[in-house]
Amino acid sequence: MMKLFLVVAICVALFLSLTDFSGESPKHGESMLTVHFPEFHLIPTTGASGPESFVFDISGEGPYTGLSDGRIVKWIANESRWINFAVTTPTREGCEGPHEHQRTEHLCGRPLGLAFEKSTGDLYIADAYMGLLKVGPEGGLANQILPRQLDEPLRFTNGLDIDPRTGVIYFTDSSSVYQRRNYIGVMMSGDRTGRLMKYDPTTKQVTTLLSDLAFPNGVVLSQNGDHLLLAETAKCQILRYWLNDTSVSKSREGYEIFSERLPGFPDNIKRSPRGGYWIGVNTKHTKLTKFVMSNAWLGRAALGLSVDWMKVHSYWARYKGNGMAVRLSEDIGAISEVFEGKNGNKWMSISEVEERDGTLWIGSVNTPFVGMYKI
């Protein structure tokens, strides 16, 4: 009887979702970037999909991005092609080629967050399965840099950023229970085991800064280095974590909510050269997502059914996925600009927006291409 009730409840929620075409709209006064083709240029990623994050090297070349088969590739602009730059696992048999990479990513690696250390040119990589790694300026096989025996092992390494003044690396571990290939479980179960962490390459010490987080995701250091911004995906909010004692007095716990009630689920965060921060919103809210997120008990019970929820989510995202991005102001986290497709030109999801030289580089964990948009 309980299973029947769950199936009926889920079917009702799906029906509400499929009949919900309103979505979330920007509030009055916000600047809107509406995507028009052919102004929006799509660059296919060779042999794999899911360009989640972007980074340019110390010479300004790139961008570099991680793909679903475990490779990190580099864009060669004057040749209009991608080249292989690095991998995060030594065994590559069965990793590349046309197949469902999600089934092999725990063996082949899944590079997510990327950041260059400007003094050395080394690329630091947050791989969902292999943890924190780095590779030299010439690329090749990346090496793990964290101690193999942590008090609590990394299970879902996700975003990262580097303090250029100290070389300290800040990164997120999205869950201590679920891995990336089952990330929908983090959302459905109401999991609160995520962490914000730091690694000091000088002392080799790993420190947990915040714990009990709901799917911590992208992280970025402020321009002056006194705080971090952190996307707490499952709560649809951005946290500000203070890094110095003077600023900590502004918040009893050392952190505060920087921006809340976002129109969808925030993913990566990047500074904008025009000020503020770009937030990739994986997908906008629907009645289904609001229903599930407000009834974690139902999600936990549904996870006990013999259903591949990752596959269900994949099908749902293809039909109802609606990614967007918002630029938040530097001071109070208000939405100052919205990037969103219209009239059939919608993104299934958006994981990151990297703004450089008047161009927005758009990433998504679901698409076999990178987007370029001239602003």
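The residues of the chain are indexed from 1 along the displayed sequence.
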Indicate yes or no: does Lys284 engage Glu340 in a salt bridge with an N to O separation below 4.0 Å. yes

For the backbone of Ile257 and the side chain of Gln237, can you confirm whether one donor and one acceptor N or O come within less than 3.5 Å of each other? no

For a quick test of reading the model, state the closest non-hydrogen atom pair linking Ser259 to Leu262 and the distance between them. OG-CD2, 3.6 Å

Reported OG1-to-CG distance for the pair Thr172 and Asp161, which is rounded to 0.5 angstrom: 11.0 Å

Keeping Thr104 on the side-chain end and Leu107 on the backbone end, is there a donor-acceptor pair under 3.5 Å? no

Identify which one of Phe116, Trp82, Phe54, Trp75 satisfies the ring pair (Phe, Tyr, Trp, His ring centres under 6.0 Å) criterion when paired with Tyr64. Phe116

For the student: nearest non-hydrogen atoms of Thr65 and Leu114, plus distance: CA-CD1, 3.8 Å

Donor on one side chain, acceptor on other, Thr359 and Asp357, under 3.5 Å: no

Lys/Arg N to Asp/Glu carboxylate O, Glu355 vs Lys270, below 4.0 Å: no

Distance in Å, Ser349 OG paired with Met324 CE, rounded so as to fall on 0.5 Å steps: 13.5 Å

Just checking Glu79: does its CD atom have more than 12 heavy atoms from other residues, nucleotides or ligands closer to it than 6.0 angstrom? yes

Using a 3.5 Å cut-off and no angle test, enumerate the donor-acceptor pairs between side-chain atoms of residues 42-52 and protein atoms at least two apart in sequence or in another chain.
residue	atom	partner	partner atom	Å
Thr45	OG1	Ala48	O	2.7
Thr45	OG1	Pro368	O	3.1

In terms of ring plane angle, is the pair Tyr373 and Phe40 parallel, tilted or perpendicular, where the classes change at 30° and 60°? tilted

CA sep, side-chain torsions, deciding dist, call: Ser174, Tyr183, side chain to side chain contact (heavy atoms under 4.5 Å, CB included): CA-CA 9 Å; Ser174 293; Tyr183 69 83; over 6 Å; no

Give a yes or no on whether Glu100 atom CD has more than 12 heavy-atom contacts from other residues, nucleotides or ligands under 6.0 Å away. yes

Is it true that a side-chain atom of Ser59 and a backbone atom of Glu61 form a donor plus acceptor pair closer than 3.5 Å? no

Counting distance only, does the side-chain N/O of Ser351 pair as donor-acceptor with the main-chain N or O of Gly363 below 3.5 Å? yes

Does Cys108 offer a backbone N or O that forms a donor-acceptor pair with the side chain of Thr89 under 3.5 Å? yes

Considering residues, nucleotides and ligands other than Arg103, do more than 12 of their heavy atoms fall under 6.0 Å from its CZ? no

Shortest non-hydrogen pair, Arg327 vs Gly275, comes out as NH1-O, 2.8 Å

Enumerate the residue pairs fulfilling salt bridge (charged side-chain N to carboxylate O under 4.0 Å, His left out) with a member in residues 115-135, sequence neighbours excluded, ordered by first and then second residue. Asp122-Lys134

I'd like to know whether Phe369 forms a ring-ring contact (aromatic ring centres under 6.0 Å, His included) with Trp347, so could you lay out the CA-CA distance, the side-chain angles of the two residues, the decisive distance to 0.1 Å, and finally the verdict. CA-CA 11 Å; Phe369 51 77; Trp347 277 67; 5.5 Å; yes

I need the Arg192 CZ to Glu232 CD distance, nearest 0.5 Å. 7.0 Å

Run the side chain to side chain contact (heavy atoms under 4.5 Å, CB included) check on Trp242 and His227 step by step: do they pass? CA-CA 4 Å; Trp242 297 104; His227 67 268; 3.7 Å; yes

When you look at Thr157 and Asp173, which way does the side chain to side chain donor-acceptor pair (under 3.5 Å) test go after all the steps? CA-CA 4 Å; Thr157 322; Asp173 184 29; 4.8 Å; no

Please evaluate residues Glu337 and Arg274 with respect to the criterion salt bridge (Lys or Arg N to Asp or Glu O under 4.0 Å), reporting the C-alpha separation (whole Å), side-chain torsions for both, the decisive distance (0.1 Å), and the verdict. CA-CA 11 Å; Glu337 196 167 15; Arg274 293 178 293 138; 3.0 Å; yes

Cation-pi between Arg356 and Phe56: NZ/CZ under 6.0 Å from ring centre and within 45° of the ring axis? yes

Assess whether side chain to side chain contact (heavy atoms under 4.5 Å, CB included) is satisfied between Glu354 and Val55, documenting all intermediate values. CA-CA 8 Å; Glu354 169 76 24; Val55 67; over 6 Å; no

Indicate yes or no for a side-chain donor-acceptor contact from His106 to the backbone of Gln102 under 3.5 Å, with no hydrogens or angles considered. no

What's the verdict on side chain to side chain donor-acceptor pair (under 3.5 Å) for Asp191 and Ser175, showing C-alpha distance, side-chain angles and the deciding distance? CA-CA 7 Å; Asp191 179 77; Ser175 173; 3.1 Å; yes

Review item, side-chain donor-acceptor pairs of residues 206-220, under 3.5 Å, at least two apart:
residue	atom	partner	partner atom	Å
Asn217	OD1	Asn158	ND2	3.3
Asn217	ND2	Thr233	OG1	3.1
Asn217	ND2	Asp267	OD1	3.3

Minimal non-hydrogen separation, Ala231 against Ile269, with atom names: N-CD1, 3.6 Å

Intermediate values then yes/no, side chain to side chain contact (heavy atoms under 4.5 Å, CB included), Asp226 and Asn224: CA-CA 6 Å; Asp226 69 351; Asn224 64 7; 2.7 Å; yes

Closer than 4.0 angstrom, basic N to acidic O: yes or no for Glu105 and Arg181? no

